[in-house]
Amino acid sequence: MSKMTMVEAINLALKQEMEKDEDVIVLGEDVGVDGGVFRVTKGLWEKFGEDRVIDTPLAESMIAGVSIGMAIHGLKPVCEIQFSGFSYISFHQMEAHAARYRGRSLGRFSIQMVLRCPYGGGVRALEHHSESREVYYAHTPGLKTVIPSGPRKARALLVSAIRDPDPVIFYEPKAIYRAFREEVPEEEETFSIGQSEVVREGKDLTFITYGAMLRPTLDAAEILEEKDGIKAEVIDLLTISPLDDEKFTKSAQKTGRVVIVHEAHRSFGPGAEVVARLVEKSFLYLEAPIGRVTGYDVVIPLYQREKDYIPDVKRIVRGARETLDF
Amino acid sequence: MVEKQGKIMPKKEIDLEYKIEHLSILNQDGELDSELEPDIPDDLLVKMHRMMLLTRRFDERMLNLQRQGKMGTFAPIKGQEASQIGAVAAMEENDWLVPSFREMAAEVWRGKRMEDMLLVYAGFNEGGFIPEKSHSLPVCIPVATQLLHAAGLAYAVKYKKENNIVMVFFGDGATSEGDFHESLNFAGVFQTPTLFICQNNHWAISIRRSKQTRSKTIAQKALAYGMPGIQVDGNDILAVYSATKDAADRARSGKGPTLIECVTYRMSVHTTADDPSKYRDEKEVKEWEARDPIIRFQKYLKNKNLLSDNDIEKLEEEVKSEIKNVIKTWENKMKEMGDPADMFTFQYAEMPPYLVSQKEEMEKMKSEANA
């Protein structure tokens, strides 16, 4: 066990999987000599060589497209798109091919690849470097979309993603790349894709969240307990698609009140699907309208006003109280 | 000052690694340039001819089936048989074929079952079946996207130290897409064993070749990516074979990718949903009919005493009955097509719970409808 940042934990997952399986290769812009712009792939190029840690030319569609070709022939590429804002150029390859190859070939070809990219706000970046558009991928049948919320889960989920026979979009909340450390075991650890987790137990209210929003949500839960005497349950989705609705259904049926927290835009956001599932399965258990504390339906502003866009503890507490007071 | 401007920046010609060449061996009258004649075994020549004839007739039959409403939209290959068969005939058993959507002849050569092809165009996913050992990828519809798969696949071939090549097909329209440039660039940088076969058939639906790119040739685009490019007469099967064989040998010996531009012609429609009379002069089609790849190859084979008029007649009968059998098999297969709920089967390796319940929903609907 050692205390690691999320960057170090992801790096550990890549290193260990590459040691175990020579079909695992890493490719992307600046992932080799430079070790990635966020240093996620640091040291891999030195350890595994340029054939396995490929510094590619600057072309996102290519990064996804050649990864698909590699996967067709049995490699397990983990490709990096430098920022999620540039991943839309590769979206076509993921949607048209990665997601469909198994079906098109009636199971003959699996596209066992991971497309990693940092997403979300909070790092004072330029335009196109702060958005949270995971639903593009989550809406696409054939893809899996995974979003870790801290170092330990990031490591375990990435190992599972690399071993998953289907293409996995691995969205890394860059705001918490180095925000805190967690104990990460040296020995192998996996976490099933498609599984959410109850990270805080409660009886009065259910928070459903993921990614960088988990910590402010947990903080909000603490405040509600201290100031309002409310015991809030917190569920970390971890996988956006395929969505695990079992745990939040159970929780909602227990608490009767639900608040969803995410950075992504509200309309058609991940929360909208969660609401739909809750209405389908828990309609008669609900005591109040389901609250959504989310990014607004506007392009995320530049960093001076980013704080007004991204949900924070105050907004989450306020959203929870509205649901509680209904 | 004005006079001196020309001298400020002295210009020198840059010596590029490759020059663009054009290759033609068998001209449209069937005359052979014997110095360039490739050494192709007789049985292979005969097979190439048979396959050209088979796929020409099959293509015509498919068009009929579509017009009769028995089959959906497809992209005919008529006129492009030499570009396809000439290229794949130079492949070895474990080489990889990456088609776009107008390579029926190449696919059949590589073992695609014709009845499966009909199944796909008749709207059944089951036709996408690929045998376990096959190194042919399925048809790819979005233009040029398959080129990246070929580049990545070839990287994997090289990484695994295998001695195979990857052959990818595309049209002249594809060369305007970003994925075309990105894949040639990747293949150039990493020297992957990829053969880029452009079937320049002069038309991308209604856009003629001259409106697709200002470049004099498609082949010259190879130079920008540091690889050899060659333009061949795509209706001359000997030229296509020779250029491909050369490129494959180079790729196999670690010398990287090649771009081959086969100049051919789309003698038919873009797809069965297209009406070329809106944009194309019939005279142009007539001109190209005189350059038919099959007729000139038959002349060549006759001169070599490998084919007689009698043989052709017999072959036509053979091919006709083969196609008849294919259609019978296809019609029988369609009757046995499985459950529509199979659409859920291959979304993921393992079906997530919500798909299990959606599948049940569909099955319930169907059983209610049948009750």
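Computed over heavy atoms, backbone and side chain alike; hydrogens, waters and symmetry mates excluded. Convention: sequence-line order gives letters A, B, ...; per-chain numbering from 1.
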Original post:
What residues of residues 143-153 of chain B sit under 4.5 Å from chain A when only non-hydrogen atoms are counted?
Top reply: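 When heavy atoms of chain A are the reference, residues 143-153 of chain B contributes B/Thr145, B/Leu148, B/His149, B/Ala151, B/Gly152, B/Leu153 within the under-4.5 Å range.
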
Please classify the contact between [X] and chain A as side chain, backbone, both or neither, with a heavy-atom cut-off of under 4.5 Å.
X	result
B/Thr194	neither
B/Val120	neither
B/Pro138	both
B/Tyr348	both

Give the member of [options] that has the highest number of heavy-atom pairs under 4.5 Å with chain B.
options	answer
A/Gln93, A/His92, A/Lys144	A/Gln93
A/Ile89, A/Asp244, A/Ile54	A/Ile54
A/Arg52, A/Glu22, A/His97	A/His97
A/Glu246, A/Met70, A/Arg102	A/Arg102

Original post:
Would you call A/Leu157 and A/Phe170 a side-chain contact if the rule is heavy atoms closer than 4.5 Å?
Top reply: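 Side-chain contact under 4.5 Å: yes.
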
Original post:
Cut-off 3.5 Å, side chains only: do A/Tyr210 and A/Glu134 have a donor facing an acceptor?
Top reply: yes

Original post:
Side chains of B/His270 and B/Arg102: do they bring a donor and an acceptor to under 3.5 Å?
Top reply: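 Note: B/His270 and B/Arg102 side chains meet the donor-acceptor criterion.
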
If I measure from the heavy atoms of chain B, does [X] come under 4.5 Å with its side chain, its backbone, both, or neither?
X	result
A/Asp166	side chain
A/Pro165	side chain
A/Ala96	side chain
A/Ser241	side chain
A/Arg277	side chain

Answer yes or no: are there more than 12 heavy-atom neighbours, outside [X] itself, under 6.0 Å from its atom [atom1]?
X	atom1	result
B/Glu368	CD	yes
B/Glu363	CD	yes
A/Phe86	CZ	yes
A/Glu46	CD	yes

Could you have a look at [options] and say which one has the most heavy-atom pairs with chain A under 4.5 angstrom?
options	answer
B/Met343, B/Lys158, B/Glu182	B/Glu182
B/Leu355, B/Val189, B/Asp342, B/Asp179	B/Asp179
B/Cys140, B/Gly127, B/Pro352, B/Pro142	B/Pro142
B/Ile130, B/Asn185, B/Val139, B/Asn125	B/Ile130

Original post:
Distance-only, no hydrogens or angles: does the A/Arg116 side chain make a donor-acceptor pair with backbone N or O of A/Gln82 under 3.5 Å?
Top reply: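 Side chain of A/Arg116 to backbone of A/Gln82: no pair is present.
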
Original post:
Any sub-3.5 Å donor-acceptor pair from B/Ser176's side-chain atoms to B/Gln212's backbone N or O?
Top reply: yes

Going by an N to O cut-off under 4.0 Å, is there a salt bridge joining [X] and [Y]?
X	Y	answer
B/Lys333	B/Asp116	yes
B/Lys335	B/Glu331	no
A/Lys247	A/Glu197	no

Original post:
Rounded to the nearest 0.5 Å, how far does CD of B/Glu107 lie from OG of B/Ser134?
Top reply: 9.5 Å

**OP:** Mind telling me whether A/Tyr137 and A/Tyr171 have parallel, tilted or perpendicular rings, with 30° and 60° as the class edges?
**Re:** perpendicular

Original post:
Are A/Lys20 and A/Glu17 close enough, and set up right, to give a salt bridge (charged side-chain N to carboxylate O under 4.0 Å, His left out), and what steps lead you there?
Top reply: CA-CA 5 Å; A/Lys20 279 190 197 120; A/Glu17 285 307 287; 3.7 Å; yes

Subject >> Within residues 103-115 of chain A, residues adjacent to chain B where the heavy-atom gap is under 4.5 Å >> reply: A/Gly103, A/Arg104, A/Ser105, A/Leu106, A/Gly107, A/Arg108, A/Phe109

Subject >> Residues that B/Trp96 engages under ring pair (Phe, Tyr, Trp, His ring centres under 6.0 Å), provided they are two or more places apart >> reply: A/His73, B/His135

Original post:
Residues in salt bridge (charged side-chain N to carboxylate O under 4.0 Å, His left out) with A/Lys281, at least two apart?
Top reply: A/Asp245

Original post:
Taking all atoms of both residues into account, what is the closest heavy-atom pair of A/Val31 and A/Val53, and its distance?
Top reply: O-CG1, 3.8 Å

